[in-house]
Every structure is written in structure tokens, then in C-alpha cells.
Amino acid sequence: MGSYVPNTLDERKAMLNEIGYESIDDLFRHIPEQVKIQGGLDIPEGMSEMEVLKKMKEIAKKNKVFPTIFRGAGAYRHYIPAMVNNVISKENLQTAYTPYQAEISQGILQSIFEYQTMMADLTGMDVSNASVYDGATAAAEAVAMCADRKRKKAFVSATVMPSVLEVIKTYCFGNELEIEVIPEKDGVTDIDYLKEHIDKQVACVLIQHPNYYGSLEDAQTIGEVAHEAGAKYVMSVNPISLGALKTPREYGADVAVGDGQPLGLPIAFGGPYLGFMTCVESMMRKLPGRVVGETEDYNGKKGYVLTLQAREQHIRREKASSNICSNQALCALAVGVYLSCMGNEGVTKAAEQSMSKAHYMAEKLAGAGFKVENKQNFFHEFVTVSDTPSEKVLKALEDEDILGGYPLDDKRILWCCTEMNTKEEIDKAVSILKEV
Amino acid sequence: MGSYVPNTLDERKAMLNEIGYESIDDLFRHIPEQVKIQGGLDIPEGMSEMEVLKKMKEIAKKNKVFPTIFRGAGAYRHYIPAMVNNVISKENLQTAYTPYQAEISQGILQSIFEYQTMMADLTGMDVSNASVYDGATAAAEAVAMCADRKRKKAFVSATVMPSVLEVIKTYCFGNELEIEVIPEKDGVTDIDYLKEHIDKQVACVLIQHPNYYGSLEDAQTIGEVAHEAGAKYVMSVNPISLGALKTPREYGADVAVGDGQPLGLPIAFGGPYLGFMTCVESMMRKLPGRVVGETEDYNGKKGYVLTLQAREQHIRREKASSNICSNQALCALAVGVYLSCMGNEGVTKAAEQSMSKAHYMAEKLAGAGFKVENKQNFFHEFVTVSDTPSEKVLKALEDEDILGGYPLDDKRILWCCTEMNTKEEIDKAVSILKEV
Amino acid sequence: MLIFEKSKTGRKCQNLPECDVPVVTLDAKDKREVKLHLPELSEGELSRHYTELAKKSHGVNDGFYPLGSCTMKYNPRVNEVAAGLEGFTDIHPLQPTETVQGCLEVLKTLESYLCEIAGMKRMTFQPAAGAHGEFTGLLLIKAYHKSRGDEKRKKIIVPDSAHGTNPASAAMAGFSVVSVPSGPDGCVDIEKLKEIAGDDVAGLMLTNPNTVGLFDKNILEITKIIHDCGGLCYYDGANLNAVMGTVRPGDMGFDVIHLNLHKTFSTPHGGGGPGSGPVGCKEFLVPFLPSILVEGEDKLVAVKEKDSIGEMKNFYGNFLVVVRALAYVMTLGKEGIPEASKNAVLNANYMMNKLKDLYTMAYDEVCMHEFVMSLADLKKQTGVSAMDIAKGLLDFEIHPPTMYFPLIVDEALMVEPTETESKETMDGAIAVFRKLYETAGEDAESLHNAPMTTPVTRMDEVGAARHPILRYQFED
Amino acid sequence: MLIFEKSKTGRKCQNLPECDVPVVTLDAKDKREVKLHLPELSEGELSRHYTELAKKSHGVNDGFYPLGSCTMKYNPRVNEVAAGLEGFTDIHPLQPTETVQGCLEVLKTLESYLCEIAGMKRMTFQPAAGAHGEFTGLLLIKAYHKSRGDEKRKKIIVPDSAHGTNPASAAMAGFSVVSVPSGPDGCVDIEKLKEIAGDDVAGLMLTNPNTVGLFDKNILEITKIIHDCGGLCYYDGANLNAVMGTVRPGDMGFDVIHLNLHKTFSTPHGGGGPGSGPVGCKEFLVPFLPSILVEGEDKLVAVKEKDSIGEMKNFYGNFLVVVRALAYVMTLGKEGIPEASKNAVLNANYMMNKLKDLYTMAYDEVCMHEFVMSLADLKKQTGVSAMDIAKGLLDFEIHPPTMYFPLIVDEALMVEPTETESKETMDGAIAVFRKLYETAGEDAESLHNAPMTTPVTRMDEVGAARHPILRYQFED
């Protein structure tokens, strides 16, 4: 049995003696007997570190690590500089709590302030929070922050990632906002439908860009439609795309959200990732979650603190703008390290290469009989249609240790490329598919 | 191309301007042209981090990692607590130089002082140095430290690890000491031979215990023979064995050496490991290599410094007791962490289990027709003889991802067990061998 | 210095190769025009920058961290090794089921262990944090009532001592919050609870032991009152470290719970996250659970409940945090789990008893894993506040207890030593607490000015909120 | 506090399982009787202990580290990731050849790159450090002369400015050491060298640029003098960072060299090791090389030379250090290697020029990767010594330059910035150096007492050597 309790049995006895108890069980005596567990827990006995690690390695081996991946659909395998893990493994950063005590937390606070600056810059917005759980909850929180007494309805495009839409709906089951889905038309948001149905009750319009199918939306126009109706405009974006694509701000968005995972976090079976939220200054005090601000100490020395806490649950309780408390701080740190390692050139390169490789692959796949369905320009994801059953296509790749695109249905596959996919890999995958 | 130079071309130019040069090449102008490389280096172009890591992973994959290993012969796979890597990855410890500046190196100095204490305690000796390169160079340095003007010959048992014997010979090719090999008899040192040939010219007698074949030597008697002739007695020991076996001091040794690898270092294709050297107090000033000592600062505060530097090359130059400068400090730190994690109980357990499992396997192998050759008791290694060619035996195991013992010749195999080998693994290996 | 201030145009790390396919460019319509201002540094400078930030942070390894309600226990290294295995980090969440059997085994195994510890039927790992778990649990309650057509239940009862997330989560789930007062014993006022209980009550949220560190002896009566009025009982697992292995929330009458893997189950807090707040429930709530549930024996499959409240988050939760927690529970096992909580309680009682002659305990009786002191008297006598004492601790490399919480205790300091602290560490901290008490009497001013030895002194928080500067302003 | 002082009997980490086979015990004859005194701590306490030690250490990430002759450049992170791959760490050195093709590829690839950089034919990675490499190289020289029956050659010529390891290694190799003086220009006194050269000379050891940071312009003449008298030329690679990619030791006339992977090739110093000191040589010395040499193209094999001097160490050297160096050379490549050395030289000249109006340069001319200042004048004027200035730097978080070396310069400080330092960092250090010079004039006493801000102040080294306490003494 492993144990992390330092005090020996003798020391425990000595401590009990000092405070006048005979046994530890005496400290539990006031707990009613009928709620106590009888006969101990029915879980296995503890193990030594050697056994635990062996067991965990055995379990991990039951998963298949694909050296080549062409699947995205919400989780993207980009290159993660060695520095990222190095930094987030530093114990002072990794094991600290939320930085309530600013005097001994300047390192963490500064890292969040830097993260906020980078995310605001990347999205073209004025302010950023310190992260929420992931891209889906960021979208759901964004919907909530746009609503007010008069506007209790949100339009969400059908072309957002399906689980993001689901999460928005779940959150709205809670906060009782109304969601209307803007239908898809030719793989993008049906703007005509939106124009027709939007009204003064609408709090916001939310789209994803590039959308779930990788396509670029007519993001400018959608924003104009939203604003004409007095609604806010929320864009969910892939942060890597912002190395090349217009910022949400340039398209006219009021709030930008998304999943920060592509910026230095491993795909890790879905988490931990992080959600980012940035917005225009006028909405600053509606932004949920932690925010770090610059200030001075009593001696006039510059420093950082958690701020705007009046919005938060530990002060406002049921009047808080959100219930978020723990966020994804260490992931935000990872993003900060990632963006610093990559710099302007690196992020631009990652965006350009991801897009270029996807286009190269799309062309090659088209040549192999997989028709590309996207009617608009696309970023680093695209959909193919083929008569060969998706399952068969993907199995052929899997047999060669390649994780193919995500099967949308029996005929359609959603492919993704990043800078990690070499031309050689793409050519190999396509040549396999020519044989299927 | 990767580069770790921060200054940009503009900055370099600015710096050159400031100091009055036009180009960096001007700084090399005084170097005779005829020694300069013409046309650049003939090595590949540099690569990005992503490419380098990919390439290194590909190279690493060309090696086979055996999940089960029954091979020792100088490199032992013991369990390494997770803490060990954690500590030696801390940058302040990992990237520091030799702690010449004591004021900012107390952490490293203290860790070495702790290492010295642990190694002295483990071997039963009075003092330890801060490490040498490995067990073989430790043995060679021990021979040198025992020699003086009158005694220029060493007796070394034939049962030491062959490459240790070779290294001793190489070092003696340098320092011109004479080596005589004490022959092996029945798998252990031939004491009768030693008694007959030892004389007043002999500086030391060196044996390995447990010896290369895993057997326990009559270490007490050999020490007595050495001391009777006025020679020093050097024992090369496996440090893990000291959790169970008598210490070199108890057997009468003056100097104990060995390879510290079993104490928390990975097998890593042979290195880095570390050599430890401990001795009785009277030989303290003959001990080569770095030593850390306790002292006080000007305010009377306890602290640690490199000491006894009068023995060392940067002061004594050609009169130094050895030329060692860089040692294996980070490995010594790893050993300190390992021994602290294991504690008395853990080291005893590792020793007992290694021995018990080896004896269990020996018995099982004997049952499968592999005769155990060791006539004396053995620790965690033993030799079997069989008519089945060693190559065939080992191939059968390799096919099941098991690295069998080390083939001494066509019939004899040197096996090793540690606490890492489960009963299940041993049973499986033996059952495979029954089929060969 | 901010990383932006260290940036020099043209410096860089070289992480990516050049493009090996034809480069595609965007039309002007979609091409980014605004400049990027990411930092440009060499790798060595970058590395030093983060070393510098790390030095100005205080983790569990930097000293005693008795932050009440946060369970700052030691974060074992083996958990990190397990979570770093390529077979976990490099798995795409949408891989075919047969290629993620290990991930599913992690979820299934930890679910079974935690359900046993909590006394629940099933558990979802999707919630990313405690508050996210609360929100999830409340939606389960909402869905349950809705499924029965019992839609008038709009109230959630929350004690006045509750964590702030409880009422906030209830509001997010569309409930109105009714506060039930604590009695003089720090526990729920049963009579008041009875008054509130009625057919408009959807449920009660409670943590037990509660936030003043006391186990509510009336717990069975409390949950019965709620059940009798048709409501459900939600257990806030923030304080489970006091009782795991001894009492199960399920046996106390709770229907739905969340656990904090980043508190009770030893995963690191990460400077504020990622956490993991799995939600467990009794059988009758299982149909409403979000995310996947793992079924099967040899071949594991992921299934979804068709009456599910829907997804709470993309994918299946903070998976690598779950891996760490599994390594922890595997290590401790059936004896280690109660041993941990028992020693957490012993340590808290030890500290409380060694301080109570000086410091006023809010409730002077046996505590569980934490205790609350009220510095109201001290403040009255000396002017030294809970904040001052907290800041004074910083000069001794001790992280302060939680300040000014729970709200029902004036000038509160809430101390939670956890089981991974040794007697010496606590003795050291006790000595510091006592010394500060003395200092309060002799030199109150010095405590108003504490801390003195930290990288910065007390910050102007009011100024920060009044004139928010939330990002670095670039010159261009 | 030492870890032994924190130890409490009975505390522990639990790393190993219980034994699953019958336990074998030893006879009394061989059973340990003396007690073990290893530390007994819980994992959390242990972890804090080493965190504390790390805080009291100064690594490259903690600030500028211009330690002359030690090339304290940034240690890239990717090297560490490469060296941590299971496919390298978990390989037994005695595995069958076909299962270690990756390891052999590492050796073969780096050998080919380094031979190109050094101008050598083959290279062995067995030597574990620079001094070990020197010893190896000298044994090659000895074996060479012996193989030709030329056994009268007993002398090794070493400049008076040489690293202390040079004469020590020569002595270990059984040679007598003859010191050749440096001329007023800091370079080898050619006339003196000619006088010494003769048929009793086995060889010359030289580093170029030399330890005063100057490139010896007469290098071709020097190596010719030695070759003409029948000796061989050994290149001490400690200073290769100045010229790699620009000049090759082989082209200067050297026959055998060692490199320091832990200096020039960016692997971390580890607080004193492990290093790696590969030895390269011209073709005529290859038959004497120790250890394995890797041959073959598709299927690599390890061969040994039959006239080898024998093994210098078990197995094949500090392999994981070699892996790191390979990652480094792969990263820099053909342009990056000379870029690194050129910027090392630029940085050194920049610093020298910005200091030379105040500090006396031992040789006021273009330097290579490092320069040496003599503080003799300052000491005479103010009483402030090189040591005082060095200790003064500690209060500014700068690691001091190498002190009192080389021996031919009075009150020497030897500054090596390396190429991985930025202009700002150097400007900051220059300002500190200048400030300390000022302080020396105004308040010498404060520098005698420096450092003030470190965990300890200057240590009593004489006392330490006179009454050596080399281990903790247990009470029982």
C-alpha cells in the first residue's frame, strides 16, 4: 500500500496524546454510526509506485498511438515545442492554487496577464479572461453574457461543431435562454434564413469560423445582420487560423471564443483543453471567469492581481455573472509559452502550412476520386464525398497506422491537415486510398 | 536551420559598430587564411525543432525496448522512483557548473555532501568522493591511489567484470603500475595462488564481490591475505547488494568502489553511470576526485564547499592525485534521491528481492535442464550451462520480447534478476526455455 | 518585466520546418490585416523568463499551504509520469473505440472506485471543475423533476455557510436560491429548514463536513426533510477529504454529488486549474447523465443515455487529470483512502488544539479536516485583522489560510493542513501563528505592513478594479 | 538542514511491492550487520527537500553565467526530450546488435559530424569528460610511439597557460611534463619551444584559441616544430566554441583531440557532470582507439581495433549526453555551427571593448570567445581583488567569471559570455562590472564583504581543508 502520510503511528499517537484523544477514531465519534461504512471500502488494496506505474503503462499500451493523423473535428495535433512541457512541469507553477495571495503569486498572475494580452491580440479584441473550461463552454458562456432582460434568444449556426451546439443547448436548459439554430445551406450558414428570422429579442448570433466543415463563412455579412438587429455578434474561431485569417474583430465580432487546444496542448483523449473568451471593451464587465489586472503595490511597484471580482461567485453568489471558479490556468500558461515560442512568424507559419497542406491533400484526394464538398474556400479541414464506404476507407488507412479523417456519415469524411503532416505522409495516404 | 543566438543581424551590426568593426569576419582576420575551412562544413543543413525531434524518435524506434530483462553483467535494470527524474530535471541543478562559487551553490554542494554520507554509510567506510566516471574507472583510480614508490604492483582477481579488468590495465599502461591477474578457480578467486604470489611489492589486492558470475567470494580471507603482506584491500561491489550483504568495511577492505548505476540510473546503452569510491579515513587525502566538506561562512553559518583541493589538478597540476575534473555530479544527485526515496527498508527490499528472485529463477532453470554453475552462494546473478546453444536459447526468449541472460560462450549464460522481474515473468521465461 | 517588453523584432525560436507543399494564400476578404504582437525571443531568453515567473510563485513544494477548503495536499510524482505517457497524451478523442480501450479502462476503473467511495451508482467525468460539477448536478435535478412533470420546483436551498459556487450554480441552472441559516453550532438550523421545505423545492445543496469544518450530525434528518418534501439532495464534494473511506455521501442520503479530483484526489491545482469535477448519482438519475458512460468487460464501449441533459463540454472531461487521480487511488487503495482522511482530521485537530488558547475558534469542538478561527476579538483589541495575520504568514513562507470565509464567521481564517503535512511542519506553523499573535499585541503596525519579504507588497486591488488594465498596450 | 536531520524512523515512500517468490536469506558470514542510516522521509517531505536545494543553486536559467573556459551556453530543451526517449534510456548496453541499431546510428552520425568539424578521421565517445579525453589521447600518443619502438619519448610539452588537467593527464599517462612559457603576446614562445623540441618529446598539448582567449597565429609553425622532432600534437578542445566551423584542429596540424560536448555542444553541466569528452584522431592513430567503432551502412555493427590501447571505461561512454549533442548539431547544421562560434566571438569582443577603459585587459587585442582581465592594478590601488569583484557580482545575480586562471595573468578574471546571451544581458552585466569598479574606489570594504544577498556569505575554505568534515556523523 502506498501512502503519502508522513507521520508514523508513534507520532500520530503522540499527537493524539497531546490533544487528549486516545485514537483517531475518537475524532469521528460524533458522526452517527448508521452513516459510517461497515467493513471497509470495496476497492483493491493499494499498490507500490512500481506496480502502479507498470499497470498504468499497460493500460496506456491498450490505446493506439497513430504516428500520422488526418483527423481534427475539434481536436488538433499541432507541433508542441519542448519548452511548453518544460514550463508547465515547474512545480511552483503546477502545484499552486488560484493566485489569491498576490504577493507570492506574481509569477502566475503575470503569466495570465501575458496570456490575456496574447489572446486579445490574436483575436483583435480589447480584453480576454483567464480561460474557461473549453471551446464549447466558452461559446455557451458567450451566449449567456450577451443576454439581458429584453434579449433572451440566441441564433446559433448549424455549422458550428455539433458538440458545441449541444453544450450551448445544455447551458440554455439551465439558464432558460432560447436557442434557434440557423440552418446550413451549401455547407455554410444560411444568411437568408437569419435575415428573415432575426428580431429585437435576439441577444446574439453565434457562428463558427472556419466552420465545422472547414469552410470560411461570410463572416462579415453575418455580423452586419446581427448588428442591424441590435444583437451581439459572437464568433467561435480556431486560434491557429488567426495566424492567417482575419480576426473576429475585423469581421465585426463583439465576442470571440474558441478552444485553445491547438496552441500547445496535446489531444489527450479530449482534455484538459481550455476555452478562450475575448471581447470588446464595452462588454468587459460582462465577461465571466477570472481576470488579471495590472496595479501597484503599496510601494508603487507594478504588479498583478485578480480583479473585477465583483462579478464573481465568491462575492456575488447567486448574482454572479457565472459560477466559474477553477478554470484551466495551467493550460493558459501552456498557451502563453506556445505563443511565445512560436512568435509572430511561427503562428503565421503554422496557419499557412496547415491550410496549404489541407489544400494539397484535398487536391490529391480529388484526384483519387474523393470529391471535395466544400463550396467555399476552406482553412485546414474539408469534407470529401465518395462511394466507397467511409468505414472501409478509414480501415485501409488504420491498417497502415494512419488515422484518417472523421466519418460524418457513410460517404462523407471530414479531413484535417496541420503543419505536422508532411507531403510524404499525404502522398502515402492518398496512394493507399487509390487502392481501396 | 535552428539557432540559439538571440541577437538579430541588426543587433550584431550595431554591436560591431560600437566596437569599431565592420563584420564579424574582421574578428577572425588575424587567423591565418591557410588554416581556415574553405567552402563550409560538409554536414547537413540545420533543422527545426519539430524535424529534429521527429528524427530522434525515428532513430530511437530502431532500438528494441525489452519489457522483460534478465541481463545484468554490469548494467542493472532496477526500479527508478518517479522522484529521481523529477529532481534531476530541475534546471538550477541540471544546468549548473561545478560548484566553485559556494555562495550560490549550497544546494548542489549539500546534495553532494549528502551523497558522500550515504555512500560512506552504505559501504561502511569513513569517507566518499563526489563520484568518478563509472565503476571501472573507480577501480582503476583505486589501484593508483594504493600505489606508492615502493609498491607498484596490483593483484586483480580474474573474477572481476572483464571490462573493469581491461580499464585497470589501460590505466596502468599509463601510470606504469604492474597488474597481475589472480586466476579463477571454481568460479571464484584462487586464494591459494594469491597467498603464494603476494609480496612486499604489492600495493593492493582488488576483487569484485559478488563477482562477475554473481558468486560470493571468500572476501574476509582475501582481505586478511592482502593485509598480511602489507597491501591495501580494494573491493568492487554492487551497491544494491549492500542492502543485504556485509559491507566492504566488515570484510576488511580499505577502499570500496563500484558502479552506482543500480541506484536510480537507467541502463541507457551504458551511460551516463557513475563510479563511487569510499575509503577508510587514513587514506582520505589519497582519494582522487572532488570532495565536499562542511564549514562555516564568515557569519558562522553552516555551509558546504569543495575541499581538499590541494590534491587536485587545477592547483597541483602534474602532481595531482588524478586528473579528474568533470565528474558525474548529476548522477550522484540521482543516487542521493534514489537512496532517500528507498530508505533503509527500500534498499534492503531491493537487495533481498533481487537475490530471492535470482535464486527462484536458478532453481526453475535447473528444473528445465539448465545446470547452475555457481559453486558458492550467489547474489542476483548466476551462470547456467546447457547443451542447447546459448544463441538458440536467447533467440527463443527474444522472440517473446524477453532479453535473456548474457551469453558467456556457446553453452554458458550469465543471468540476472532484480525486483523488477515478477514471478510471472520468470515462470514465463522458464516455460519458453522448456520448449527450446 | 513582461515578456512583451523583452521582445525584440526578429528574434525567434525555430520550431517549424519550411513548407513542403505549394503555399496557399487567402483572398483579401479573409486575410488578416491587423498586425500580430506576439513576443519574439530566443529560446534561451524565453526559458529564463519562465524560470523567473516560476520563482515568483508559491507551490505546494515551497512550504506549508493550509488553504482551507482547497485541500492542498502533496501532488505525487508518479501521477505526473502516468499522465505524461504517450499512450494517453497522443490519443485523439474521436479515434475508433477499439483503439482507445486504455482510455475507456481509465474512465471505467476510476468510476467504479469513486462510486464505491461516494456511494453512488454511476459517475460522469465530463465536468471540468467543482463548479461545473455543481451546475451539472443541478441540471440532473432539474431534468429529473421535469421528467416527472413536476415543474413548479424552482427553489434550491443553500446554507448561509455554503461555498459561493453553490448559489451561483443554482442561479445558472435557472433556480432561485433560498438560504437556510446555520444554527449557533455552525450546522443547518433544522427548524428553519423544515419551514422552507415544500413542494416548490427542487433540492438542497450541502457539503458535509460543512465549511466551518464540522460534520452535521443531523445529516440523515436533513436529507429526509428534503426527500419528504419531494426534493433531491446534492452533495458538494469539496470537503470529502475529511471522510472518504469513513462515510459515504450516498449513505447520508445524497442523490447526486460532485468530487474535486484536484483537491481530494491529489491532482495539482495548476495555479487555478485544470481541475476535474466528476458527478456521481444514484440509479434513478443515471438516465439524465451527460457524456459517455463506459460499458462492457473485455471490449469496452462508450454509450450515451438517451434522456441525457446533453453535453456539458466537448469530449469526456479533463482526461489527463482523471489519469492522475486513478494513479492516486490505485496507490492508496482500500486502506490508504481512509488513512488519508483520518490523518487529515488528526492534523486539523492537532493544530486547532495547539492554537485555541490564543486564537478564538469559531466552534470549539472536534473539527474534521479543517477549522475556522475568528479574529474578531483580536481585531477589536489590537486592530490586527485576519488579513494582517494572513499577510504576516507570507514572511515566514507559509501560505495563508482561506480568509474571510465562511461568511458566517467574522474575521475568519480557515485552516486545512491536509494529511500530507508532518508534525514538524505543523509545529513550525503553530509557532509562527503564536508569534504573530504576540506581534499583534506588541507591534500591530508591522503586521499592517506585512509582507515585507515578498517580490511585491500588498497590492492596490481597489485601483485595479476601478481602472482595469487587463492587457499590455502595444505602441503600434 | 541536511536530509538526515529531517529523517524520522519509520517514515517512507513506498516504491517496491512485496516479494512474490520465497525469500532467500544470507548466512551470517555474509550478512550485513552494521546498521544502515539512509534517510527516512515521506515523499512530500523529500520533494520539498530537493526543491529547497534547487532554490539554493544557480543554473544557466538563473542569470548570466560568463564562466571562462566553461562555455555555459543555453541548454536546449529539445535535447532533453530526445535524451529522455524510452528507446534510448531503456536499452541495455549488451543487447544484441540488431536490437540497438538506433544507438549505433546515434554514435555513427555524431561521429561523422564531429570528425568533419574537427578535421579528424575517427572518433571514440568512450571518454566521459574532457580530462578523460586528454588521458585517452595521451595514451594514443604513447601507444603510437611504442608501436614504432620509439620508447625514449617521455616528455609532453605543455604551455604555462594550459588548463591544469593537461599536465595532470600527462602525468597519469606516465609522461614527464615540460612547461613552455608564453611570450608577452600570450602565445607560445616559439624560440623556447624550439629549444625544448627533441627526440625525447612524445608530444605537445595545446588549446587554440588559448586560455587567454587568443588565437595563436603561429599555430602551423608550432605543430610543425613538434612533428619535425617526431612528436605528436594534441588539441585540447575546451575552447573549440570560438572556432568551430571556421578552423579545424586537424587543419592546424593536430593529430589527436578531445571535444567537450558539455561545453561546445550545449549539453548541461549537471553541477559538475556528466560530461562527454570524445577523442578524435587522424588516420594513423585510429588503430589505437579504445571502445567500439561503428561500421556499416544499412546494418550497423560495432567493431574494435585490435591494437587498441584498451577500454577507458565500461561500455561506450556517456551515451545520453551524446544523444543530446547529436540533437544540437542536427539543429544547428552547417550554417548554425559557424554562426554559433562567430557570435560567441562577437559577444566576447563586445564585452571586452565596453569594459577595457576601466578594467585592464591582460592582452588588449581582438579576442576570441573569451577574454582575460587583470585586476592587479585595481588591487594595488584599492585593495579590491579579483575575488572581491567576483563575489560582488553574486549580489547582482551574475555568476562570476573564472577567477585566478590562467596562472600567467595576475589577479585574472576570465570572461566567456557565449553566443546564447543577448546584447541586453551583456549590457546589464557591463553596467554591473562598471558599477563594481566604481564601488572599489569608493567603498572597498563593501566588496570585501560581498556577497550579502546569497544564502551564505563567503565560506571558511581553509578551515574546511584543515579539519575536513566530509560526511554527516550519525549518533548511533
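Each chain gets a letter, A, B and so on, in the order the sequences are listed, and its residues count up from 1.
- Of the residues considered (A:I324, A:N175, A:N344), A:N344 shows the highest number of contacts with chain C, using heavy-atom pairs under 4.5 Å.
- Side-chain contact between A:E18 and C:K423: present, with at least one pair of heavy atoms (C-beta onward) separated by less than 4.5 Å.
- Looking at C:P338 and A:L41, their side chains come closer than 4.5 Å, going by heavy atoms from C-beta outward.
- The nearest pair of heavy atoms linking A:M56 to C:L85 is O-CD1, 3.8 Å.
- The two residues A:G74 and C:F315 come nearest to each other via the heavy atoms O-CE1, 3.7 Å.
- Of the listed residues (A:N323, A:L308, A:T295), the greatest number of heavy-atom pairs within a distance under 4.5 Å of chain C belongs to A:N323.
- When all heavy atoms are compared, the tightest approach of C:I3 to A:E114 is N-OE2, 2.9 Å.
- The greatest number of non-hydrogen atom pairs below 4.5 Å with chain C, out of A:L53, A:T137, A:D134, A:V305, is found for A:D134.
- In this structure the side chain of A:E103 reaches within 4.5 angstrom of the side chain of C:K391, judged on heavy atoms.
- C:P96 and A:R71 make their closest contact through CD-NH1, 4.0 Å (heavy atoms, listed as atom of the first residue, atom of the second, distance).
- For A:Y133 and C:H132, the distance between ring centers is under 6.0 angstrom.
- No part of C:K73 comes within reach of chain A, as not one of its non-hydrogen atoms sits under 4.5 angstrom from that chain.
- What you find for A:P266 and C:L320 is that their closest heavy atoms are CG-CD1, 4.5 Å.
- Here the two rings, on C:F135 and A:Y171, have centers that are under 6.0 Å apart.
- In this structure, C:F319 and A:F269 have perpendicular ring planes: the angle between them is above 60°, well past the 30° mark.
- A salt bridge links C:E339 with A:R12: the closest approach of a Lys/Arg side-chain nitrogen to an acidic carboxylate oxygen falls below 4.0 angstrom.
- Electrostatic pairing of C:D20 and A:K357 counts as a salt bridge here, judged by a charged N lying under 4.0 Å from a carboxylate O.
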